[in-house]
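Notes for the one structure printed next.
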Amino acid sequence: SPLQNLTQTCTESQLGNVFDFAKTPDNTPLVLRTLCEGAELTQGMVNWASFIFMVIAFALIALYQSQIEIRFNEDQVTVTDYSIVVENPPPDATDPDVWRDFF
């Protein structure tokens, strides 16, 4: 199948020298060399499409998480949501109960 050709590993190999130009005196095989072709256009396109998919997926997840974070923050009521600042209060206003009743 076409998908199998894109994901299949290379199993064709033969014993050969480390370098083609460096022959040992007794022609001893030193490494196992693959007979398969290198990366082809179809493999590169699949890799590129997978990379683009992952980038878009991570961007969408980040956007979704930021929206969930905003919704979660709006659902949480904290003291800072209802805090007030009184500037220049009278010097004799020190009773917290009076302040509570006032506001």
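None of the values given here were measured: they were computed from a predicted structure.
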- side-chain hydrogen bond (donor to acceptor under 3.5 Å, both in side chains) pairs, two or more places apart, involving residues 87-98: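 Qualifying pairs, neighbours excluded: Asp97-Arg100.
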- Message: Within this structure, what is the CD-CD1 distance for the pair Gln65 and Ile61, rounded to the nearest 0.5 Å?
- Response: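 Those atoms lie 7.0 Å apart.
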- What's in the same ILVMFWY side-chain cluster as Ile68, cut-off under 4.5 Å, chained through other members?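 The other cluster members (ILVMFWY side chains, heavy atoms under 4.5 Å, direct or chained) are Tyr64.
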- Mind checking who shares a hydrophobic cluster with Trp48, ILVMFWY linked at side-chain heavy-atom distances under 4.5 Å?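 Its cluster mates, by chain and number, are Phe51, Ile52, Val55, Ile56, Leu60.
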